[in-house]
Amino acid sequence: MASKRKVGEAKLEKEELDLFVDAPPDNDDDNDDGDDGDTSDSEESVYSGLEEEPSSEEEEEEDDNSSDSEDHGPEDTPDIPGPATDVTTGSDGTSSTERLDNRPPPDEYEFDSSDEEDIRNTVGNIPMEWYNDYPHIGYNLDGKKIMKPAKGDELDEFLNKMDNPDYWRTVKDKTTGEDVKLTDEELDIIQQIQNGKYPDKAYNPYEPYIDFFTHEKMIHPVTNRPRDKRSFIPSLVEKEKVSKLVHAIKMGWIKPRKARDDEPKYYDIWENDNQYTPDKRYQTHIPAPKLKLPGHEESYNPPPEYLPSEEEILAWNQADPEDRRQAFLSKKYDALRKVPAYAGFVKERFERCLDLYLCPRQRKMRANVTAEDLIPKLPKPRDLQPFPTILSVVYEGHTDIVRCISVEPTGQWLVSGSDDETLRFWEVATGWCRKVLQLGGRVRSVAWCPNTAVCLVAAVVDNTVIIINPTLGDKLVYHSTDNLLNTYEAPESLETKLPVEWLAAEGKEHDTGIRLRIAHPKTIRQVTWHGKGDYFAVVMPDGGSMSVLIHQLTKRRSQNPFRKSKGLVQCVLFHPVRPFLFVATQRYVRVYNLLKQELTKKLMANCKWVSSMAVHPGGDNLIIGSYDSRLSWFDMDLSTKPYQTLRHHKRALRQVCYHKKYPLFASASDDGTVVICHGMVYSDLLQNPLIVPVKILRGHKVTKNLGALDCQFHPTQPWVFSCGADTTVRLYT
């Protein structure tokens with residue numbers, strides 16, 4: 001024991017020497033006082049615990065620490081502030097200041113002796129996965145990198161798991177990367193949390209309740225605070241509530257409770273014996289109608305006017321029993337005893353019994369419905385403006401029936417075709433006929449190319465489609481149109497041979513504006529353009545398998561999309577957005593996908609003969625006009641049958657059309673009228689389209705049983721053009 005005590009004292013002297021050596025020099029009396037206080041604290045902390053004899057294991061650890069400190073030098077040992085002394089003398093008599101003059105002055109903030117937790121890593125509360133690819137794991141208080149500790153492989157981990165008895169209670173600190181051994185207290189806290197209990201075992205959530213306010217009457221009050229001033233003043237809030245209740249009682253909203261009647265009540269149990277109260281099971285039973293009471297005609301001594309004459313007796317005998325007004329003839333007797341027995345008494349009683357149990361009876365519920373309730377509630381037309389209402393311009397010049405019209409995409413020019421074998425170009429704003437072309441035959445259909453980059457018009461004359469450059473509008477546009485047509489080069493060989501011939505105009509025809517002639521084997525009824533302006537389709541009702549042909553203008557190529565005809569084709573249309581083609585026969589409309597070359601949908605028109613067709617600019621709705629004076633609206637997303645059928649015209653419909661920008665559509669009929677309807681299509685698929693007729697435009701005279709033959713909307717304005725058998729073209733604005 002003595003040897004161990006000597007070793008401990010030697011170590012103590014060495015530590016004391018280091019403490020006095022590291023202390024800063026004493027230069028001020030005030031600092032001496034403060035240092036004395038620090039000395040006392042440090043001495044208690046240093047010398048506390050040295051009185052007990054250390055065990056052998058502690059001595060070995062101290063020897064190892066002392067050897068490590070000697071190897072690494074004085075810089076690795078932590079500097080602990082000790083008592084402030086100027087000069088200390090070691091065991092060999094030499095001064096410590098003389099031995100350590102070359103050492104740098106210690107940093108008093110390098111060591112923190114407080115009891116707070118020493119957080120080495122200062123990166124903060126961030127995901128530590130950011131340091132996975134770096135050799136360090138953070139930075140300490142000095143801003144130096146904290147290197148990751150050496151990490152063994154899976155074999156080392158397995159050996160540690162097998163050899164280390166505390167492996168199960170060891171966790172890894174993400175901020176430092178070191179293993180931390182959990183204490184028993186921490187394990188208890190974790191176990192408490194896992195069991196759904198309070199972390200602290202000593203916490204009792206069921207502490208005894210201290211009842212400060214008991215039911216027993218106490219001698220002294222708990223509070224003796226004086227009453228508030230507001231308790232002596234009438235409350236304005238209560239006054240407002242009372243006034244509201246008084247007002248409600250006056251208005252009858254609140255009814256006072258009836259006085260309670262405590263007198264005993266007596267009931268008459270025989271009160272309702274004479275009244276018929278059917279059971280619930282027989283609520284549907286309908287009693288039989290009662291017999292008619294006897295009148296004067298059944299009396300044994302009726303008045304003379306009730307006695308039948310001889311003619312009435314003869315007619316009664318000749319009539320069938322079902323046609324007789326009454327089942328007997330009135331007779332007169334002097335006395336009641338002379339009245340014989342009634343011959344039909346048994347028969348009438350038997351028929352009455354049959355009526356009682358064989359005749360079915362049904363209760364009819366009459367619905368009180370007025371005519372106004374059957375009319376759908378539609379918005380007023382003045383709330384749906386703008387739409388064309390008045391006749392503004394009449395274009396006169398044709399000498400025969402005007403069958404077709406078409407408007408330029410910009411809305412500046414209008415073209416009309418007539419039975420007088422002319423094609424006329426009009427200026428929309430002024431009504432000036434800018435150009436007249438003689439085509440040598442009836443103009444059955446005309447269509448202006450929708451592409452604004454070119455200036456072309458396609459007209460149908462008998463079995464020929466004529467492509468015309470009217471040379472109107474911008475010079476650059478119609479010059480570029482001619483350049484586009486002139487750049488065509490004929491291919492060496494054609495893949496398919498159709499009975500269609502493309503002929504370029506020359507000489508005088510070219511000077512008049514005609515550029516191409518496309519000859520077909522049968523009479524053409526309609527021509528329509530694709531939205532891009534390069535393709536156009538023609539309809540030949542008598543063409544059989546070639547009823548519909550599609551031509552490409554730039555390559556001067558024709559193709560037949562169908563192998564065989566599925567009916568008498570009336571008209572065709574291109575879808576404004578998708579690669580679809582609408583083909584209307586007499587009673588059906590088929591929708592074909594041109595890319596997949598398949599039938600997409602088949603619409604049933606529910607009419608006898610389709611005359612015209614138009615597609616909504618959105619592409620999901622379609623209107624069809626028919627010769628039986630019907631206009632059918634189709635919502636293709638909803639059904640293959642008409643969503644609504646309108647019968648506003650008295651005679652056959654010749655043309656229907658949609659406006660490109662406004663929610664309007666129009667129909668022209670042989671009765672000489674053009675009906676304008678408001679057709680709003682909503683983006684919400686759950687809301688049905690709103691269809692409201694707003695205006696009937698009159699002006700065309702019925703000639704040769706023909707009225708308005710075509711109608712077209714202005715591309716940008718809410719205007720509509722119409723042409724008819726009265727040789728005029730009219731503009732309504």
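Bear in mind that the values here come from a model prediction, so they are computed numbers and not experimental data. Computed over heavy atoms, backbone and side chain alike; hydrogens, waters and symmetry mates excluded.
Applying the side chain to side chain contact (heavy atoms under 4.5 Å, CB included) test to Gln597 and every residue at least two apart in sequence or in another chain returns nothing. For Ser416, the side chain to side chain contact (heavy atoms under 4.5 Å, CB included) partners two or more places apart in sequence, or in a different chain, are His398, Val402, Ile405, Arg424, Trp426, Val729. Shown here are the side chain to side chain donor-acceptor pair (under 3.5 Å) partners of Trp413, two or more places apart in sequence or in another chain: there are none. Shown here are the side chain to side chain donor-acceptor pair (under 3.5 Å) partners of Asp670, two or more places apart in sequence or in another chain: Arg654. For Asn621, the side chain to side chain contact (heavy atoms under 4.5 Å, CB included) partners are His616, Trp633, Asp635, Tyr658, Val681, Pro689, not counting sequence neighbours.
Using cut-offs of 30° and 60° for the angle between ring planes, the Phe536 and His551 rings count as tilted.
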Kindly list each side-chain donor-acceptor pair under 3.5 angstrom involving residues 566-579, sequence neighbours excluded, with atom names and distances?
from	atom 1	to	atom 2	distance (Å)
Gln570	OE1	Arg525	NH1	2.4
Gln570	OE1	Trp609	NE1	3.0
Gln570	NE2	Leu568	O	3.3
His575	ND1	Val577	N	3.0
His575	ND1	Arg578	N	2.9
His575	NE2	Gly619	O	2.9

Going by atom type alone, with no hydrogens or angles, which donor-acceptor pairs under 3.5 Å involve a side-chain atom of residues 598-608 and a protein atom two or more places apart or on another chain?
from	atom 1	to	atom 2	distance (Å)
Lys601	NZ	Met636	O	2.6

Can you give the donor-acceptor pairs under 3.5 Å from side chains of residues 385-396 to other protein atoms, not counting sequence neighbours?
from	atom 1	to	atom 2	distance (Å)
Ser392	OG	Thr733	OG1	2.3
Tyr395	OH	Val428	O	2.8

Please report, to 0.1 Å, the donor-acceptor pairs under 3.5 Å made by any side chain of residues 240-253, with sequence neighbours excluded.
from	atom 1	to	atom 2	distance (Å)
Ser243	OG	Lys239	O	3.4
Ser243	OG	Glu240	O	2.6

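The side-chain hydrogen bond (donor to acceptor under 3.5 Å, both in side chains) contacts involving residues 452-469 comprise Asn469-Asp482, where partners must be two or more places apart or lie in separate chains. Among pairs with a residue in residues 400-411, those fulfilling side-chain hydrogen bond (donor to acceptor under 3.5 Å, both in side chains) read Arg403-Asp419, Glu408-Thr410, at least two apart in sequence or across chains. Contacts classified as side-chain hydrogen bond (donor to acceptor under 3.5 Å, both in side chains) and involving residues 704-731 (residues at least two apart or in different chains) are given here: Gln655-Asp710, His700-Ser722, His700-Asp726, His714-Thr716, Asp726-Thr728, Thr728-Arg730.
In Lys435, the NZ atom is crowded: over 12 heavy atoms of neighbouring residues, nucleotides or ligands sit closer than 6.0 Å.
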